[in-house]
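FYI, side chains are in, hydrogens and waters are out, and symmetry mates aren't considered; it's all heavy atoms of this structure. Every chain is numbered from 1, with letters handed out A, B, ... down the list of sequences.
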There are 2 protein chains.
Amino acid sequence: MTKPPHAGSADVAAARLRSIPEASVARLAVYLRMLGELAEQGAETVSSDELAAATGVNPAKLRKDLSYIGSYGIRGVGYEIAALVRQLERTLGLDHLRAVALVGVGNLGHALAGYSGFGGRGFPVTALFDVDPDLVGIHINGIVVEHVRAIPQVCAEREVTIGMIATPGPAAQGVCDLLVSSGVRCILNFAPVVLQVPHEVEVRKVDLAVELQILAFHVARKHLAGQDPATVNGHVIEHASNGSGGMLP
Amino acid sequence: MTKPPHAGSADVAAARLRSIPEASVARLAVYLRMLGELAEQGAETVSSDELAAATGVNPAKLRKDLSYIGSYGIRGVGYEIAALVRQLERTLGLDHLRAVALVGVGNLGHALAGYSGFGGRGFPVTALFDVDPDLVGIHINGIVVEHVRAIPQVCAEREVTIGMIATPGPAAQGVCDLLVSSGVRCILNFAPVVLQVPHEVEVRKVDLAVELQILAFHVARKHLAGQDPATVNGHVIEHASNGSGGMLP
DNA sequence: GCAACTTTGTGCGTGCCTTCACAAGCGACT
DNA sequence: AGTCGCTTGTGAAGGCACGCACAAAGTTGC
């Protein structure tokens, strides 16, 4: 199941896409952002060492990550930023916009709806949903909040390809089912629930409470272990000129 | 019950803590939440199969995870929920409260400050900071927003052990340095920047834009590959009675 | 008290990810 | 034109995590 039938460029691309390790994909997105910042600063090329330092990654790992999308580096020089950005965007599927629907306009949802980092990066939030009558009908960032029952119709109309769920836990599975039945195949879940989905649907979960608990574990560990620097396997990040130019709220 | 007639329980605990794989720690937090829900529903014991199904994890992996914190299961029966919860809380360092400071009360920060999932789980947000004069002085959930320059003093007073950074990217490193110099050793970073910290400081990063880009990659993959069900390595999660009882916004 | 059944705890093989180390390739300088 | 220095791309090794499969241990029924 690994061999492409014939060697047309589309098949090659598909084979490559499929074979990129999940861990690498996550880092590619980070490289892409850093490259954008470097381009803004007027840089035209970067070496793997520079880019690795700026993103806190091992240089060899970075080169291997980039090798998955092809050879776009010049030996003795580095990577041409513009070309690399273009290729990364194509690989990550950022060459056309992906409409995003957000369900749950409560506390967190409201913040996500107003988060400028999405629209500016090719992910316009084009639909908002909730069940609360007090919320349905209001506008956030120029988008009107619709009732959850309108999900199938609105998602179809606006060609939504990604759904974000920021509802309370108990409501999440129902909302998820609605999204899936509306053709949404990728879901970003903020609710503290494990979603049950058909195998063709991709779910990523962001669990803030779990993140804090992981940190708490490390606090406890440091306390118990005393703070012997040798035994703590903390990751040290070398130098790296401070990257600036973000885009959060 | 089974084995450990504790000999030097502190040392044993420390050794154990150090050796728990990072991936397991993340799952332990998930188990803990699910166990809490089960307890609320009146259950007294769970088998590894039940808990695994409810959390979308392989049963063997779950048992191995739990084995890292000791033998608290009863063969032929399962795990006694109350005892397991207690042990998990101790292992994750949830046996006493951890004061959290949040820097950046903009769009996302405001939502995090109001997020009930933190305080209810042993992570009271006890300090808020920003640089915006319009925000400094206002109250959110009964907490007053202070100026960033007050970080050292306030963090010391309120014994903050965890810092959350929800500032724009360019401000993050400066804020981080302030937190670290105030004695904060664990940081949850929402800013799209790789923080440079001393090796004894633990940083976890939540990057919403990257999460969406990873999803976009999978959209692109599905498109290119057609949707042959066999070649897509999606994870299928079996049955599992729908968990309810969450605690998001 | 014994046998059959259930469920935990774990040794082990497998595969993925990371990291090292080095050859190949490219540009610059003489 | 040739050589030198720098940087990429990758083969190979090590480590970690996953999941199977089974023995150990407990419970239930007779």
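- Phosphate proximity of C:dC20 to A:Asn58: present, with a side-chain N or O under 4.0 Å from OP1 or OP2.
- Paired with B:Thr55 under the rule side-chain contact (heavy atoms from CB on, under 4.5 Å), one option of B:Arg33, B:Glu50, B:Met34 passes, and it is B:Met34.
- The side chain of B:Tyr79 approaches C:dG9 more closely than any other nucleotide in the set C:dT10, C:dG9, C:dC17.
- Atom CD of A:Gln87 is separated from atom CG of A:Leu92 by 10.0 Å, given to the nearest 0.5 angstrom.
- Look at NZ on B:Lys61: it is 14 Å from P on C:dC16, rounded to the nearest Å.
- Remark: B:Asp177 engages B:Gln173 in a side-chain contact (heavy atoms from CB on, under 4.5 Å) (not counting sequence neighbours).
- Distance B:Ile74 CD1 to C:dG9 P: 9 Å, rounded to the nearest Å.
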List every contact pair, protein side and nucleotides 3-6 of chain D side both N or O, where the distance is under 3.5 Å.
none

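- Atom-to-atom, CD of B:Glu80 to P of D:dA25 comes out at 21 Å; the value is rounded to the nearest Å.
- Screening residues 21-31 of chain B for salt bridge (Lys or Arg N to Asp or Glu O under 4.0 Å) gives B:Glu22-B:Arg204, B:Arg27-B:Asp65 as the qualifying pairs, with residues at least two apart or on separate chains.
- Contact between the side-chain N/O atoms of A:Ser48 and the OP1/OP2 oxygens of D:dT8 is found at a separation under 4.0 Å.
- With the nearest nucleotide of DNA chain D identified for both B:Asp65 and A:Arg63, A:Arg63 has the one nearer the 5' end.
- Counting to the nearest Å, the C1' atom of C:dA21 and the CG atom of A:Asp49 are 14 Å from each other.
- For the side-chain contact (heavy atoms from CB on, under 4.5 Å) test, residues two or more places apart in sequence or in another chain that qualify with A:Ala26 are B:Ile214.
- Computed from coordinates, the A:Tyr31 OH to D:dT8 P distance equals 13 Å when rounded to whole Å.
- Distances were taken from every side-chain heavy atom of A:Ala23 (C-beta onward) to each of C:dC17, C:dG9, D:dC18; the shortest belongs to C:dC17.
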* **Stepwise side chain to side chain contact (heavy atoms under 4.5 Å, CB included) test for B:Gln213 and A:Leu32** => CA-CA 10 Å; B:Gln213 287 182 5; A:Leu32 177 56; 4.2 Å; yes
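- Rounded to a whole Å, the CG atom of B:Leu84 is 15 Å from the C1' atom of C:dT7.
- Of the candidates C:dC20, D:dG9, D:dA17, the closest approach to any side-chain atom of B:Pro21 belongs to D:dA17.
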Between protein and nucleotides 11-13 of chain C, what N or O pairs are separated by less than 3.5 Å?
unit_1, atom_1, unit_2, atom_2, d
C:dG11, O6, B:Lys64, NZ, 3.2
C:dC12, N4, B:Lys64, NZ, 3.3

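- Between B:Ser47 and C:dT7 there is no side-chain N or O to OP1 or OP2 distance below 4.0 Å.
- Residues meeting the side-chain contact (heavy atoms from CB on, under 4.5 Å) test with A:Ala60, sequence neighbours left out: A:Asn58, A:Arg63.
- The residue among A:Glu22 and B:Gly78 whose nearest nucleotide of DNA chain C is located toward the 5' end is B:Gly78.
- Between A:Ile20 and A:Thr91 there is a side-chain heavy-atom pair separated by less than 4.5 Å.
- Distance B:Ile81 CD1 to C:dT7 C1': 15 Å, rounded to the nearest Å.
- Among residues two or more places apart in sequence or in another chain, the side-chain contact (heavy atoms from CB on, under 4.5 Å) test is passed with A:Glu44 by none.
- Each end of the helix from C:dG1-D:dC30 to C:dT30-D:dA1 gets its own axis, taken as the rotation carrying the C1' atoms of four end pairs onto the next four within a five-pair window, and the two axes meet at 10° to the nearest 10 degrees.
- When side chains are defined from C-beta on, B:Val57 counts as touching B:Tyr31, because their heavy atoms get closer than 4.5 Å.
- Look at CG on B:Leu62: it is 14 Å from P on C:dT7, rounded to the nearest Å.
- For B:Lys64, there are no salt bridge (charged side-chain N to carboxylate O under 4.0 Å, His left out) partners at least two apart in sequence or on another chain.
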* Start with the C-alpha gap between B:Phe190 and A:Leu208, add the side-chain angles, then the distance that decides, and say whether side chain to side chain contact (heavy atoms under 4.5 Å, CB included) holds. => CA-CA 11 Å; B:Phe190 291 88; A:Leu208 302 178; 3.8 Å; yes
